[in-house]
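Since the structure is predicted, the reported quantities are computational estimates derived from the model, not experimental observations.
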Amino acid sequence: MDTEKIKLGKITEQELVDLFGSDSQKKSYKEKGRFIGSYKSALLKKVNKYCVLKECEKLDGKRTYEITEIYQYPLPSNFNKMNKSLYQYIVPLILNSLINGHDENNSIDITVGKWAREINMVNCNYDLVKYNREDTSKEFQINTNEINEFYDKTDHMINWYIENALNYLQAAGLIIWRQVNRVNIEESDGKSTIDQDGHVEVNVTLSSKQATKEDMDYYAQCIAIADKAANIENAGERYYSTKAKYFQEVLKKELYKKKIKYFYKTYEAYYVHLDKCKFLLNCFGEYSIKDIVENFNKEFTRMILENAENRFDKNITKYLLSKDDYLLSFENLCEITVDNNTEYLGNRIKEKSIEDNYSLQVNAKRKD
């Protein structure tokens with residue numbers, strides 16, 4: 001398409017066909033003097049990639065249009081997909097991060113949990129509850145089965161939508177991206193000090209690195225061992241069944257044999273054309289990032305609750321709770337972990353991060 005031929009102002013339907021139409025569309029319009037079948041919708045879909053078109057009053061019985069704006073770059077063919085569901089919020093947020101937060105390699109690193117908090121997809125309590133499920137259950141009278149299921153489903157949703165949003169941007173030719181598996185390993189310098197009051201100090205650090213093939217092979221072996229020990233029959237049971245707690249205990253024990261604390265994944269996204277990224281971000285409207293985040297938060301909560309209701313209706317015999325109690329659990333968890341108006345609850349839940357599980361044992365012997 002030669003975009004230099006597109007001009008602002010009035011244009012007849014015939015001129016529109018001549019400028020944007022395919023050979024078959026031009027031939028059909030010339031023979032029929034009008035559009036047939038889906039030719040018109042297909043043509044207008046193409047026109048809308050390049051400019052803003054306004055339909056005007058007929059002139060001498062013929063349709064006329066006005067081109068009111070010509071885009072700097074053609075809109076991606078999947079732009080409509082980017083404007084549906086949660087993508088209408090995630091895509092501009094990714095673009096904003098790339099434009100304003102890229103490093104010297106033109107990339108951003110998206111750690112799903114952290115990034116979800118940064119864009120207020122979830123709030124500051126999300127990890128607090130995730131790693132303190134039993135204390136949360138006692139404090140808020142929410143069954144641990146519902147807490148486990150909540151995190152299984154919401155973590156999956158976060159990953160699903162971010163990956164699809166990245167795929168949309170890659171298909172549009174704006175970015176390239178890859179998933180990177182990382183591992184956190186505990187390291188100690190082997191030194192310790194004891195002061196006059198008997199306080200012992202040991203230097204322990206958690207280092208993060210990209211997981212190697214050997215790391216992933218070992219991770220798979222550890223999961224297999226934990227599966228067998230907990231009699232796991234499917235992946236879901238690892239996270240939201242009565243077997244989940246024991247599975248996690250065994251997995252943690254096996255991983256720690258190599259001082260591995262946990263595995264996680266990140267996404268590395270690199271922009272290809274920064275100017276095109278800026279252009280596309282502007283095409284989402286003049287909403288502030290704050291507005292996007294607020295709308296995102298509300299829509300994400302709505303989808304979590306809607307999915308929970310549908311899931312209950314399809315598997316009603318699976319749950320011990322009534323539907324009302326089940327949905328109330330999810331509503332409470334959304335308010336606690338998603339709603340950005342909720343205050344931090346570290347004073348009510350025994351705060352403990354995934355790293356904070358150290359204890360100290362001193363074996364002191366008297367030497368005569």
Side-chain angles (χ1 to χ4, degrees), residues 41 45-46 48-50 52 71-102 107-123 126 150-180 265-311 334 337-340:
S41 61
K45 185 177 180 180
K46 181 179 180 181
N48 290 332
K49 286 178 57 179
Y50 296 94
V52 177
Y71 297 135
Q72 181 182 4
Y73 301 103
L75 289 177
S77 57
N78 60 1
F79 186 62
N80 285 340
K81 291 182 179 179
M82 296 181 187
N83 280 274
K84 294 179 179 179
S85 189
L86 293 182
Y87 303 116
Q88 62 186 304
Y89 312 113
I90 297 178
V91 170
L93 288 169
I94 291 175
L95 289 171
N96 182 68
S97 294
L98 268 171
I99 294 166
N100 298 306
H102 64 81
S107 72
I108 55 172
D109 181 75
I110 301 172
T111 304
V112 174
K114 180 181 177 182
W115 200 67
R117 291 193 304 277
E118 288 177 350
I119 63 175
N120 292 342
M121 194 174 192
V122 297
N123 66 29
Y126 192 81
F150 175 84
Y151 276 96
D152 177 60
K153 300 305 180 184
T154 52
D155 282 353
H156 178 75
M157 283 179 68
I158 291 170
N159 282 277
W160 169 263
Y161 280 100
I162 289 177
E163 287 187 13
N164 283 341
L166 290 169
N167 282 332
Y168 288 161
L169 289 169
Q170 181 165 277
L174 297 177
I175 70 167
I176 58 173
W177 73 278
R178 64 171 181 163
Q179 179 180 312
V180 179
K265 65 180 178 181
T266 67
Y267 304 105
E268 290 180 353
Y270 300 76
Y271 70 74
V272 178
H273 301 289
L274 186 59
D275 287 345
K276 290 184 178 180
C277 288
K278 291 179 179 178
F279 161 73
L280 190 62
L281 178 59
N282 290 332
C283 291
F284 281 90
E286 298 183 357
Y287 299 103
S288 67
I289 295 301
K290 182 180 179 180
D291 290 336
I292 293 175
V293 164
E294 184 176 343
N295 291 330
F296 187 12
N297 184 247
K298 292 177 181 177
E299 180 65 11
F300 186 46
T301 298
R302 185 195 66 77
M303 291 181 67
I304 290 172
L305 297 178
E306 182 179 285
N307 290 343
E309 183 172 10
N310 292 337
R311 192 165 55 248
C334 282
T337 67
V338 178
D339 188 344
N340 284 287

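- By the ring-ring contact (aromatic ring centres under 6.0 Å, His included) test, His102 is found to be paired with Tyr271, residues two or more places apart in sequence or in another chain being considered.
- Once rounded to the nearest 0.5 Å, the distance linking CD1 of Ile110 with CD1 of Ile162 reads 6.0 Å.
- Judged by distance alone, the side chain of Asn307 and the main-chain N or O of Met303 form a donor-acceptor pair under 3.5 Å.
- Residues forming a side chain to side chain donor-acceptor pair (under 3.5 Å) with Asp291 (at least two apart in sequence, or on another chain): Ser288.
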List the atom pairs, with distances to 0.1 Å, where a side-chain N or O of residues 74-83 and a protein N or O form a donor-acceptor pair under 3.5 Å, not counting sequence neighbours.
residue : atom : partner : partner atom : Å
Asn78   : ND2  : Tyr168  : O            : 3.0
Asn83   : ND2  : Phe79   : O            : 2.8

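- Listed by chain and number, the residues in a side chain to side chain donor-acceptor pair (under 3.5 Å) with Asp155 are Tyr126, Lys130 (sequence neighbours excluded).
- Listed by chain and residue number, Phe296 satisfy the ring-ring contact (aromatic ring centres under 6.0 Å, His included) test with Tyr89 (two or more places apart in sequence, or in another chain).
- For Lys278, the salt bridge (Lys or Arg N to Asp or Glu O under 4.0 Å) test picks out no residue, with sequence neighbours left out.
- Contacts of Asn167 classified as side-chain contact (heavy atoms from CB on, under 4.5 Å), with partners at least two apart in sequence or in another chain: Asn164, Trp177.
- Residues satisfying the side-chain contact (heavy atoms from CB on, under 4.5 Å) criterion with Ile176, sequence neighbours excluded, are Gln170, Tyr270, Val272.
- Lys45 meets the side-chain contact (heavy atoms from CB on, under 4.5 Å) test with no other residue; sequence neighbours excluded.
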Start with the C-alpha distance between Tyr71 and Asn48, add both sets of side-chain angles, then the distance that settles side-chain contact (heavy atoms from CB on, under 4.5 Å), and finish with yes or no.
CA-CA 9 Å; Tyr71 297 135; Asn48 290 332; over 6 Å; no

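- Atom CD of Glu299 and atom CD1 of Ile304 lie 10.5 Å apart (nearest 0.5 Å).
- Within the 3.5 Å criterion, the main-chain N or O of Cys334 finds no donor-acceptor partner in the side chain of Asp339.
- Partners of Asn310 by side chain to side chain donor-acceptor pair (under 3.5 Å), not counting sequence neighbours: none found.
- Residues passing the ring-ring contact (aromatic ring centres under 6.0 Å, His included) test with Tyr73 are Phe279, sequence neighbours excluded.
- Note that CD1 of Ile90 is 11.5 Å distant from OG of Ser97, once rounded to the nearest 0.5 Å.
- Considering every non-hydrogen atom in both Val293 and Leu93, the closest pair reads CG2-CD2, 4.0 Å.
- Ala269 approaches Leu98 most closely through the heavy-atom pair O-CD2, 3.7 Å.
- Applying the side-chain contact (heavy atoms from CB on, under 4.5 Å) test to Thr266 and every residue at least two apart in sequence or in another chain returns Asp109, Thr111, Val180, Arg182, Tyr264.
- The CE atom of Met157 sits 6.0 Å away from the CG atom of Leu86 when rounded to the nearest 0.5 Å.
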